[in-house]
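Quick notes on the structure that follows.
All of these numbers come straight from a predicted model, not from anything done at the bench.
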Amino acid sequence: MLHGRYSGHAFEKRFLPRLTSKEIKELDKENALVILPIGAVEQHGPHLPVYTDTLIGEGLLVEALNLIPDEDVWILPSLPYGKSTEHLGMSGTITLSADTLQAVIRDIAKSVKESGFKKLLLFNTHGGNHDLLNMMAREVRIETGMNVFRLNPDYSVLHSLISDKEQKYGIHGGEVETSMVLALKEAWVDMELSPTEFVHLPEDTQHLYLKGNSYFAWVMKDISETGIAGDAASATIEKGEQILQLVSESFAGAIKEMIHFDLRTVKSII
């Protein structure tokens, strides 16, 4: 599977900047969903490109929109820079500060609103953006009045493909991401250098995790020598294709619900 940027259904039919100003003005925007993909440019170990998170986001969008070609959805160019401060000091990491990323999201959202759209999805493929984007989704809702959605790829659907250990600790540059990049851009991966490295937590640890409701703050150099967390050496193209399919199916279903969702209907009438 090759990643064809600016080709195929997603970019020919659903890429908003492909249209003229006149065409965008005349679009039916009542239920149209605008998707802003947000990734990162940051180190992903010795074997993956620093563009990994952004590439994966674009690949998932292409696959998801192929599954729902007739839905009213429009994609913006990916925002390739995120808040990657946890990877600072490692070559190739280019990060925005939290304040800068918030300002960029706010400005883009206001511009989407000015063009007449009523629904915006912040689609994130970098873990370091997660908390900030959750906060910004609500801020954008308050400031613009739009229906605002937040979504990360749902990797919980992969329980039959990867180990429990990988699902729990393979959070960066491991089996899942390496397999996906192999499927999207095989030539960008150096499997001869792909490491396996997991975070080591004491056996009696029951309440602290790398992410979630109860976690400890960390930067990548705290938890990894190689710059990854996971089993990259077990990645394959075939597994990547399966992962893209499963995650894209979940993504497509979420997009359809967002398009048909109306926030005005969720409050009970008393």
Separation of [Y] [atom2] from [X] [atom1] (nearest 0.5 Å):
| X | Y | atom1 | atom2 | answer |
| --- | --- | --- | --- | --- |
| Ile228 | His47 | CD1 | NE2 | 5.5 Å |
| Leu60 | Leu184 | CG | CG | 7.5 Å |
| Thr52 | Gln43 | OG1 | CD | 9.5 Å |
| Ile38 | Leu132 | CD1 | CG | 9.0 Å |
| Ile171 | Glu166 | CD1 | CD | 10.5 Å |
| Leu88 | Lys221 | CG | NZ | 9.0 Å |

Same cluster or not: [X] versus [Y], using hydrophobic residues (I, L, V, M, F, W, Y) connected whenever any side-chain heavy atoms lie under 4.5 Å apart?
| X | Y | value |
| --- | --- | --- |
| Phe123 | Leu246 | yes |
| Ile24 | Met146 | yes |
| Val219 | Phe198 | no |
| Trp218 | Met90 | yes |
| Ile259 | Leu61 | yes |

So for atom [atom1], which belongs to [X], do other residues, nucleotides or ligands contribute more than 12 heavy atoms lying within a distance under 6.0 Å?
| X | atom1 | value |
| --- | --- | --- |
| Lys256 | NZ | no |
| Glu12 | CD | yes |
| Glu23 | CD | yes |
| Asp107 | CG | yes |

Q | Criterion side-chain contact (heavy atoms from CB on, under 4.5 Å) on Met135 and Gln102, from CA distance to verdict | A | CA-CA 9 Å; Met135 180 187 73; Gln102 288 178 60; 3.3 Å; yes

Might you point out which heavy atoms bring [X] and [Y] nearest each other, and give the distance in Å?
| X | Y | result |
| --- | --- | --- |
| Pro153 | Thr125 | CG-CG2, 3.8 Å |
| Ala109 | Leu120 | CB-CD2, 3.8 Å |
| Ala232 | Thr196 | N-OG1, 4.3 Å |
| Lys83 | Ser97 | CG-C, 4.5 Å |
| Leu244 | Ala183 | CD1-CB, 3.8 Å |
| His126 | Ser84 | NE2-OG, 3.5 Å |

Cut-off 3.5 Å, side chains only: do [X] and [Y] have a donor facing an acceptor?
| X | Y | result |
| --- | --- | --- |
| Ser224 | Glu197 | yes |
| Asp262 | Thr265 | no |
| Glu238 | Gln242 | no |

Q.
For a 4.5 angstrom cut-off between non-hydrogen side-chain atoms, does Thr95 reach Glu86?
A. no

(Q) Over 60° means perpendicular and under 30° means parallel, so tell me whether Phe261 and Phe149 are parallel, tilted or perpendicular. (A)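 Perpendicular.
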
Q: Look at the aromatic rings of Phe15 and Tyr6 and report parallel, tilted or perpendicular, splitting at 30° and 60°.
A: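 Tilted: the ring planes of Phe15 and Tyr6 meet at 30° to 60°.
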
Q. Would you find a donor on one side and an acceptor on the other, under 3.5 Å apart, between the side chain of Asn66 and the backbone of Ala10?
A.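 Absent.
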
Q: Please report the C-alpha distance between Ser248 and Glu63 in whole Å, then the side-chain angles of each, then the deciding distance to 0.1 Å, and finally whether the side chain to side chain donor-acceptor pair (under 3.5 Å) criterion is met.
A: CA-CA 6 Å; Ser248 296; Glu63 293 300 309; 5.2 Å; no

**Q.** Qualifying residues under side chain to side chain contact (heavy atoms under 4.5 Å, CB included), relative to His130, sequence neighbours excluded
**A.** Asn124, Asn134, Arg150, Asn152

Q: Begin from the C-alpha positions of Val41 and Tyr51 and carry the test side-chain contact (heavy atoms from CB on, under 4.5 Å) through to its verdict.
A: CA-CA 5 Å; Val41 174; Tyr51 200 65; 4.2 Å; yes

**Q.** Residue pair Ile35, Leu76: steps toward the side-chain contact (heavy atoms from CB on, under 4.5 Å) verdict
**A.** CA-CA 6 Å; Ile35 300 179; Leu76 295 172; over 6 Å; no

Q. Which residues pass the ring-ring contact (aromatic ring centres under 6.0 Å, His included) test with Tyr155, sequence neighbours left out?
A.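 For Tyr155 there are no ring-ring contact (aromatic ring centres under 6.0 Å, His included) partners, ignoring immediate neighbours.
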
